[in-house]
Amino acid sequence: MSTEQTVIGKSVEGRFGPYGGRYVPETLVYPHEELAAAYEKARNDAAFQHEFDQLLRDYAGRPTRLYFARRLTEKLGGARVYLKREDLLHTGAHKINNCLGQILLAKRLGKKRIIAETGAGQHGVATATVAALFGFECVVYMGAEDVERQSLNVARMRLLGAEVCSVSGGTRTLKDAINEAMRDWVTNCADTYYLLGSVLGAHPYPTMVRDFHACIGREARRQFMEAENGGLPLALFACVGGGSNAIGLFHEFLNDKEVALIGAEAGGRGTGLGEHAARFRGGSQGVLQGTFSYILQDEHGQICPTHSVSAGLDYPSIGPEHAFLHDLGRAEYVAVSDQEALEACQLLARTEGIISALESSHAVAEACRRVPGMPRDRAVIVNLSGRGDKDMGILQRELQL
Ligand SMILES: *Cc1c(COP(=O)(O)O)cnc(C)c1O
């Protein structure tokens, strides 16, 4: 079975305009329905929410701070810049929010074996972390090429007790790992939970993963209003890989029409297909990994290779809700190049003493571009989705440190 081939299932709930849905082979319809029903019950269950909130607070470290970046603001000379510090969470990024929500759901479903797929290994590490916390078995699929490139994350997962399964078929990267994880799920769905890492995949994943990250925007909105005498930000900035940290921040502000929502995609090293991962610049509608969205594909519908200096943004599809927000004009998506992200990372480090992940640096870069043109009596929020420790090797090479 290849997840790249569109196996048209029934059109079901979980649509964002025309996007989203559930395009999965027959054998995976039941596990998705079972999950959707369990999630529907959990989201209306005060005990589930309470347990989730407690884990977010005591284990992950929520609420994260909304920090006023004074020196960066002075340097840019425009609107004031606030940083939402998801980089301060346990494991160093927002991914833990979603993993905690889903592991709780797995427990409710009575599934004690967790599988996941990972590219650079960040989602694998977050998944291995929560599996260890709950004492569940964990298998992480990873392309053989990525296993070699990301040996530190492989070691982290193994230290946490996870089994890392190296996939040597195909291009030996993420999409092959996804196919392998799907094969596992089809075979073992009775006792196995598939823990997906972003607002991707078939319904209910995009909705569920968004809800698990919505705490980012709820906190930010409250914190901002406290800091700014009840006002609202002029704009929100977030990087967009699959789109989970961005939608987590945006969601609570969707009805505040005066707040601009700006997503930064990976502009990579050029505008040609294969040189970037900007789905709204060169992408077209299609199905990948169970959901209808914008994808980077060639004229035959084959998935294009992508490139980004930041592994977390290096993905050919984007969450279906972003596709809808894009078409509606409610959110705006821009491509930020590798070089711009690297420079923004350095600027933030030197003005604020914060080393941001290269993914998050894309959001910082777009904010730096726009903030000087915004009034000084207004303010914006930039989502710092993660910290840069994991990127030190790349930063060292690219910035000649
Ligand atoms: C994985 C990752 C991302 C990209 O994922 P989204 O689902 O788009 O949020 C962004 N930032 C960091 C730090 C990540 O680890």
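First listed ligand is number 1; within each ligand, the first listed atom is number 1. Keep in mind it's a predicted model, so treat the numbers as computed, not measured.
The side chain to side chain donor-acceptor pair (under 3.5 Å) search around Ser356 returns Ser361, not counting sequence neighbours.
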Nitrogen or oxygen contacts under 3.5 Å, ligand 1 side and protein side:
{"from": "ligand 1", "atom 1": "7 (O)", "to": "Ser198", "atom 2": "OG", "distance (Å)": "2.6"}
{"from": "ligand 1", "atom 1": "7 (O)", "to": "Gly243", "atom 2": "N", "distance (Å)": "3.3"}
{"from": "ligand 1", "atom 1": "7 (O)", "to": "Ser244", "atom 2": "N", "distance (Å)": "2.8"}
{"from": "ligand 1", "atom 1": "7 (O)", "to": "Ser244", "atom 2": "OG", "distance (Å)": "2.7"}
{"from": "ligand 1", "atom 1": "8 (O)", "to": "Gly241", "atom 2": "N", "distance (Å)": "2.7"}
{"from": "ligand 1", "atom 1": "8 (O)", "to": "Gly242", "atom 2": "N", "distance (Å)": "3.2"}
{"from": "ligand 1", "atom 1": "8 (O)", "to": "Gly243", "atom 2": "N", "distance (Å)": "2.8"}
{"from": "ligand 1", "atom 1": "9 (O)", "to": "His94", "atom 2": "NE2", "distance (Å)": "2.9"}
{"from": "ligand 1", "atom 1": "9 (O)", "to": "Ser244", "atom 2": "N", "distance (Å)": "3.4"}
{"from": "ligand 1", "atom 1": "9 (O)", "to": "Ser244", "atom 2": "OG", "distance (Å)": "3.2"}
{"from": "ligand 1", "atom 1": "9 (O)", "to": "Asn245", "atom 2": "N", "distance (Å)": "2.8"}
{"from": "ligand 1", "atom 1": "9 (O)", "to": "Asn245", "atom 2": "ND2", "distance (Å)": "2.8"}
{"from": "ligand 1", "atom 1": "11 (N)", "to": "Ser385", "atom 2": "OG", "distance (Å)": "2.7"}
{"from": "ligand 1", "atom 1": "15 (O)", "to": "Lys95", "atom 2": "NZ", "distance (Å)": "2.5"}

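Using cut-offs of 30° and 60° on the angle between ring planes, the pair His32 and Tyr205 is perpendicular. Between Phe280 and His326, the two ring planes are parallel [angle under 30°; tilted spans 30° to 60°].
Counting only residues at least two apart or in different chains, side-chain hydrogen bond (donor to acceptor under 3.5 Å, both in side chains) contacts with residues 229-250 comprise His94-Ser244, Asn245-Asn383.
Salt bridge status for Arg210 with Glu321: present, with a side-chain N to carboxylate O gap under 4.0 Å.
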Donor-acceptor pairs under 3.5 angstrom involving side-chain atoms of residues 76-86: please list them, not counting sequence neighbours.
{"from": "Arg80", "atom 1": "NH1", "to": "Glu228", "atom 2": "OE1", "distance (Å)": "3.1"}
{"from": "Arg80", "atom 1": "NH1", "to": "Glu228", "atom 2": "OE2", "distance (Å)": "2.4"}
{"from": "Arg80", "atom 1": "NH2", "to": "Glu228", "atom 2": "OE1", "distance (Å)": "3.3"}
{"from": "Arg80", "atom 1": "NH2", "to": "Asp377", "atom 2": "O", "distance (Å)": "3.4"}
{"from": "Tyr82", "atom 1": "OH", "to": "Glu228", "atom 2": "OE2", "distance (Å)": "2.5"}
{"from": "Lys84", "atom 1": "NZ", "to": "Thr64", "atom 2": "O", "distance (Å)": "2.8"}
{"from": "Lys84", "atom 1": "NZ", "to": "Thr64", "atom 2": "OG1", "distance (Å)": "2.9"}
{"from": "Lys84", "atom 1": "NZ", "to": "Glu219", "atom 2": "OE1", "distance (Å)": "2.8"}
{"from": "Lys84", "atom 1": "NZ", "to": "Gln223", "atom 2": "OE1", "distance (Å)": "2.9"}
{"from": "Arg85", "atom 1": "NE", "to": "Asp87", "atom 2": "OD1", "distance (Å)": "2.9"}
{"from": "Arg85", "atom 1": "NE", "to": "Asp87", "atom 2": "OD2", "distance (Å)": "3.3"}
{"from": "Arg85", "atom 1": "NH2", "to": "Asp87", "atom 2": "OD2", "distance (Å)": "2.9"}
{"from": "Glu86", "atom 1": "OE1", "to": "Arg62", "atom 2": "NH1", "distance (Å)": "2.8"}
{"from": "Glu86", "atom 1": "OE1", "to": "Asn97", "atom 2": "ND2", "distance (Å)": "3.3"}
{"from": "Glu86", "atom 1": "OE2", "to": "Arg62", "atom 2": "NH1", "distance (Å)": "3.4"}
{"from": "Glu86", "atom 1": "OE2", "to": "Arg62", "atom 2": "NH2", "distance (Å)": "2.7"}
{"from": "Glu86", "atom 1": "OE2", "to": "Thr64", "atom 2": "OG1", "distance (Å)": "2.8"}

